[in-house]
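Working notes, beginning with the structure itself.
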Amino acid sequence: MLGEYAWGAGALAYLYRQLGIASRAEAKGVAGCLTLLQCWIYDHFPTLRPSRLEPRELERVQAGAFRWRGTAPWSSKKRDAQMLTYYRQAIDSLTPQSVSWTLYGHSPHLTVRRTLYQGLLRFAEIAEYYDPTRCLRQLGYVQGVPYPPERPLVVRRPASTLGYSLSYQSVYDSYWNNLGAHSVHLDLFSTPIRRRPWEFVEDYMAWYIRHSHPHILSDSRPVDDISDADTVSTIIF
């Protein structure tokens, strides 16, 4: 019975929901599988990886989190505030060359077909939409303008963490078990990366700027200008 559940999809759905809740004004923490999130950051963004962490070879029976080794030092409100400023500035200072775009190889969808699934991920009453057209570069393809997302029937995202909820039409529950009809067809949607792993179509950045936040801080400065930048080597968040 346990083997009939998609535990990875459930963990992602729960983590996505908790990240949404954590973005609310009154949120004071975040739940979910944060080890997964932390290791994903270390893998994809080497410049955000504390220098005290060292990658190591894994044994076959070990989880991916064992790839990194390090120790967590003491913490304080002052140091935490310094590190928050540092990481926000470091994210604003990212360049295409500082991101590991094709970490899983150039064709991960050939070995893990579920990578191309487009639809809901569910954990109990939590349902979150999964759309690989927003991360085509991770699949080894040129990033294009994503498909419009499916709109929930009901959305409640108050500033308070209380009452945060989304609900979708029940028809989406059947998508997971009908993979062929609810997967992105990459050959029709995009083209393989030929030169640089961060390639995108001409109108993608215009779309991205309209729908996202290019910078976290309004007065972005190069990360080297932050006097406490060297503290990154002593922090594991």
Side-chain angles (χ1 to χ4, degrees), residues 1-23 30-41 43-44 58 60-65 67 100-157 163-193 200-201 204 207 211-212:
M1 185 68 178
L2 291 177
E4 296 179 2
Y5 291 95
W7 294 104
L12 281 179
Y14 186 75
L15 178 60
Y16 292 164
R17 176 59 57 87
Q18 294 303 319
L19 290 174
I21 293 175
S23 70
V30 61
C33 186
L34 300 184
T35 301
L36 170 62
L37 177 63
Q38 184 173 348
C39 290
W40 183 87
I41 293 171
D43 280 335
H44 287 272
L58 292 178
R60 291 186 59 184
V61 296
Q62 289 183 310
R67 184 181 299 114
S100 297
W101 298 98
T102 54
L103 183 68
Y104 312 108
H106 287 281
S107 302
H109 56 284
L110 296 180
T111 54
V112 185
R113 293 184 62 223
R114 291 287 182 188
T115 303
L116 296 180
Y117 167 74
Q118 187 177 35
L120 292 187
L121 300 179
R122 183 173 289 279
F123 173 79
E125 77 284 357
I126 295 174
E128 293 289 337
Y129 197 72
Y130 174 84
D131 185 3
T133 68
R134 294 174 179 264
C135 57
L136 288 174
R137 285 170 288 204
Q138 292 186 49
L139 302 177
Y141 280 71
V142 174
Q143 181 63 56
V145 176
Y147 292 130
E150 297 291 343
R151 298 294 181 182
L153 290 174
V154 179
V155 178
R156 295 191 70 250
R157 288 191 177 117
Y164 185 108
S165 63
L166 296 88
S167 62
Y168 290 84
Q169 298 181 49
S170 59
V171 67
Y172 295 127
D173 290 339
S174 65
Y175 284 13
W176 182 261
N177 293 321
N178 192 4
L179 183 63
H182 301 288
S183 295
V184 175
H185 297 283
L186 290 178
D187 292 337
L188 299 177
F189 184 82
S190 187
T191 58
I193 292 174
F200 51 84
V201 299
Y204 171 73
W207 173 90
H211 291 84
S212 187

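One is the number of the first residue; the rest follow in order along the sequence.
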Could you walk me through whether Y130 and Y16 satisfy the side-chain contact (heavy atoms from CB on, under 4.5 Å) test, starting with their C-alpha distance in whole Å, then the side-chain angles of each, then the deciding distance to 0.1 Å, before giving a yes or no?
CA-CA 10 Å; Y130 174 84; Y16 292 164; 4.3 Å; yes
Taking every heavy atom of I126 against every heavy atom of R17, the minimum-distance pair comes out as CG2-CB, 3.7 Å
Quick check for you: to the nearest 0.5 Å, what is the distance between L37 atom CG and C33 atom SG?
9.0 Å
For the OG atom of S165 and the CZ atom of R157, what is their distance to the nearest 0.5 Å?
9.5 Å
Minimum heavy-atom distance between G144 and V201, given as atom pair plus value
CA-CG2, 3.6 Å
If we only count heavy atoms from C-beta on, is the P108 to L139 side-chain gap below 4.5 Å?
yes
Classify the angle between the aromatic ring planes of H109 and Y141 as parallel (below 30°), tilted (30 to 60°) or perpendicular (above 60°).
perpendicular
F189 vs L136 side-chain heavy atoms within contact, under 4.5 Å
yes
Nearest heavy-atom pair of L34 and A31: which atoms, and what distance?
CD2-O, 3.6 Å
If you compare all heavy atoms of W176 against all heavy atoms of A9, which two are closest, and at what distance to 0.1 Å?
CH2-CB, 3.9 Å
So T115 and P132, do their side chains get closer than 4.5 Å, heavy atoms only?
no
If you take all heavy atoms of Y117 and L121, which pair is closest and at what distance?
CE2-CD2, 4.0 Å
Gap between atom CZ of R156 and atom CG of L166 - 0.5 Å precision
10.5 Å
I need the minimum non-hydrogen distance between G10 and F123, along with the two atoms involved.
O-CB, 3.5 Å
Kindly say whether L179 contributes a backbone atom to a donor-acceptor pair with the side chain of R114 at under 3.5 angstrom?
no
With a 4.5 Å limit on heavy-atom distance, are the side chains of L103 and H44 in contact?
yes
S23 side-chain N/O to G20 backbone N/O, donor-acceptor pair under 3.5 Å:
yes
Under a plain distance cut-off of 3.5 Å, with no hydrogens placed, do Q138 and Y104 share a side-chain donor-acceptor pair?
no
Any chance CZ of R134 has more than 12 other-residue heavy atoms, nucleotides or ligands included, within less than 6.0 Å?
yes
Report yes if the side chains of Q118 and Y147 come closer than 4.5 Å at any heavy-atom pair, otherwise no.
yes
Under 30°, 30 to 60°, or over 60°: which ring-plane class applies to Y5 and W7, parallel, tilted or perpendicular?
tilted
Before giving the answer on side-chain contact (heavy atoms from CB on, under 4.5 Å), spell out for L153 and Y168 the whole-Å C-alpha distance, their side-chain angles and the decisive distance to 0.1 Å.
CA-CA 5 Å; L153 290 174; Y168 290 84; 5.8 Å; no
Does any part of the side chain of R137, heavy atoms only, come nearer than 4.5 Å to the side chain of T102, both counted from C-beta?
no
Which word best sums up how the rings of F200 and Y204 line up, parallel for under 30°, tilted for 30 to 60°, or perpendicular for over 60°?
tilted
Is there side-chain contact between D173 and R122, with heavy atoms separated by less than 4.5 Å?
yes
Residue H106 excluded, over 12 heavy atoms near NE2 under 6.0 Å
no
Working to the nearest 0.5 angstrom, can you tell me the gap between L116 CG and L186 CG?
5.0 Å
Heavy-atom side-chain proximity of L36 to L15 below 4.5 angstrom:
yes
Rounded distance [0.5 Å steps], CG in N177 versus NE2 in H182:
10.0 Å
Rounded distance (nearest 0.5 Å) linking atom OG1 of T133 with atom CD of Q143
7.0 Å
